[in-house]
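Here the structure is laid out as structure tokens; the discussion comes afterwards.
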Amino acid sequence: MRGKFISLEGGEGSGKTTAIQFIRQWLDDHNIPYVMTREPGGTPLAEEIRQLILSPRSERVNDITELLLVFAARAQHLAEKIQPALAHGTWVISDRFLDSSYVYQGKARGGDIVMLDQLSQWVVGDNKPDATLLLDVAVELGQERVVQRQHQDRLDKESLAFHQKVRDGFLERAQADPERVRVVDASQSLDSVKQQIEEQLVKLNNAWTGNS
Ligand SMILES: Nc1ncnc2c1ncn2[C@@H]1O[C@H](COP(=O)(O)OP(=O)(O)OP(=O)(O)O)[C@@H](O)[C@H]1O
Ligand SMILES: [Mg+2]
């Protein structure tokens, strides 16, 4: 049977990478084979493209350049890692995926949604996540959580207004597709976030295996 594809989404410091560890534990407990991955990146070439996208640089990065780099990395990631894993019955858990493009390059940068739809159709097609867990947290709290981090990438350095658009953009994606995008209240304690994620995984797995 084909594996399930789950993406983690949310702004900086919302707890995506932390949540991945909770998912890992749940999958181990249920003896489900999986691969963990991330975007941009996930394969050696796609990780090189990630460096190109996120490195702070003096040259202004054209919005369309950024958009195409993200989708170039995604094409590689899908072909070389995600699709082969799913075909083998392995679940794929990705720290960010397509929703981030709509939110960062679309909503926050004001990118053309028609262009995003076309690129999505071309690069991703039907290989959309079966489910997405959206870690939602107020921008200020997310920023507080990452403030200790020494290394700030090009997107971390964007303004508060930019990060607010990111949060709003993700919530709009959830409202538009509530069946796929499950919102997790990431302002809560780590214990609570872990519990919310496990509840969603149980619900999703039951739906996928036909148990009610
Ligand atoms: N619910 C929570 N309560 C308290 N601290 C948290 C919570 N979730 C995450 N943190 C802490 O906040 C920091 C950022 O979390 P994490 O790295 O998981 O976020 P992220 O969404 O992956 O961020 P980025 O987008 O920058 O990769 C970490 O130090 C983590 O331990
Ligand atoms: Mg992270």
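Just follow the structure's listing: the first ligand is 1, and inside any ligand the first atom is 1. Positions are given from 1, in the same order as the sequence printed here.
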Would you say that more than 12 heavy atoms from the other residues, nucleotides or ligands in this model lie under 6.0 Å from the [atom1] of [X], or not?
X	atom1	result
His88	NE2	no
Ile64	CD1	no
Gln195	CD	no

Nearest 0.5 angstrom please: [X] [atom1] to [Y] [atom2], how far?
X	Y	atom1	atom2	value
Lys107	Asp99	NZ	CG	14.0 Å
Glu39	Ile49	CD	CD1	10.5 Å
Ser7	Arg38	OG	CZ	16.0 Å

What protein heavy atom is closest to [atom], reported as residue, atom name and distance in Å?
atom	answer
atom 26 (O) of ligand 1	Arg149 NH2, 2.8 Å
atom 31 (O) of ligand 1	Thr18 OG1, 4.1 Å
atom 14 (C) of ligand 1	Gly13 CA, 4.0 Å
atom 25 (O) of ligand 1	Lys16 NZ, 2.7 Å
atom 1 (N) of ligand 1	Gln188 O, 2.8 Å
atom 17 (O) of ligand 1	Thr17 CB, 4.0 Å

Exercise. Has Arg74 got its NZ or CZ under 6.0 Å from the middle of the six-membered ring of Phe97, at an angle within 45 degrees of the ring axis?
Worked result: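 Yes, Arg74 sits over the ring of Phe97.
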Problem set entry | ligand 1 contact on Leu190 by region, counting heavy-atom pairs under 4.0 Å |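 The answer is both, backbone and side chain.
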For this session: Heavy-atom distances under 4.0 Å are what count here, so tell me which part of Ser192 touches ligand 1: side chain, backbone, both or neither.
Result: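 Neither; no heavy atom under 4.0 Å.
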Exercise. Considering distance alone, does some N or O of Gly15 sit under 3.5 Å from an N or O of ligand 1?
Worked result: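 Yes: some nitrogen or oxygen of Gly15 is under 3.5 Å from one in ligand 1.
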For this session: Answer yes or no: does an N/O atom from Ala19 fall short of 3.5 Å to an N/O atom of ligand 1?
Result: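 No, since none of the N or O atoms of Ala19 sits under 3.5 Å from an N or O of ligand 1.
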Exercise. Against heavy atoms of Val193, which atoms of ligand 1 measure under 4.0 Å?
Worked result: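 Going through ligand 1 atom by atom, the ones under 4.0 Å from Val193 are 1 (N).
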Problem set entry | Ala186: numbered ligand 1 atoms lying under 4.0 Å from its heavy atoms |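 Listed by number with element, the hits are 1 (N).
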Exercise. Taking the minimum heavy-atom distance to atom 11 (C) of ligand 1, which of Arg96, Arg145, Lys194 ranks first?
Worked result: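 Result: the heavy atom closest to atom 11 (C) of ligand 1 is in Arg145.
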Exercise. Is it true that some N/O/S atom of Thr18, main chain or side chain, lies under 2.8 Å from the Mg ion (ligand 2)?
Worked result: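 No N, O or S atom of Thr18 is closer than 2.8 Å to the Mg ion (ligand 2), so no.
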For this session: Look at atom 28 (C) of ligand 1 and say whether a protein heavy atom is found at less than 4.0 angstrom from it.
Result: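 No; the ligand atom in question lacks any protein heavy-atom contact below 4.0 Å.
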Exercise. Quick one: which of Arg60, Arg109, Arg50 gives a salt bridge (Lys or Arg N to Asp or Glu O under 4.0 Å) with Glu66?
Worked result: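 It is Arg109, the one option of Arg60, Arg109, Arg50 that forms the salt bridge (Lys or Arg N to Asp or Glu O under 4.0 Å) with Glu66.
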Problem set entry | ligand 1 contact by Gly11, heavy-atom criterion under 4.0 angstrom |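 Gly11 counts as a contact of ligand 1 under the 4.0 Å cut-off.
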Exercise. Looking at ligand 1, does Gly10 have a heavy atom less than 4.0 Å from it?
Worked result: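 It does not, in that no heavy atom of Gly10 comes within the 4.0 Å cut-off of ligand 1.
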Problem set entry | Over all atoms of both residues, closest heavy-atom pair of Lys128 and Ser120 |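 What the structure gives for the nearest pair is CE-OG, 3.9 Å.
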Problem set entry | Over all atoms of both residues, closest heavy-atom pair of Leu134 and Ala174 |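 Minimum heavy-atom separation between Leu134 and Ala174: CD2-CB, 4.0 Å.
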Problem set entry | Test side chain to side chain donor-acceptor pair (under 3.5 Å) applied to Thr132 and Arg173, Glu9, Arg180, the passing residue |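 So the option named by the test is Arg180.
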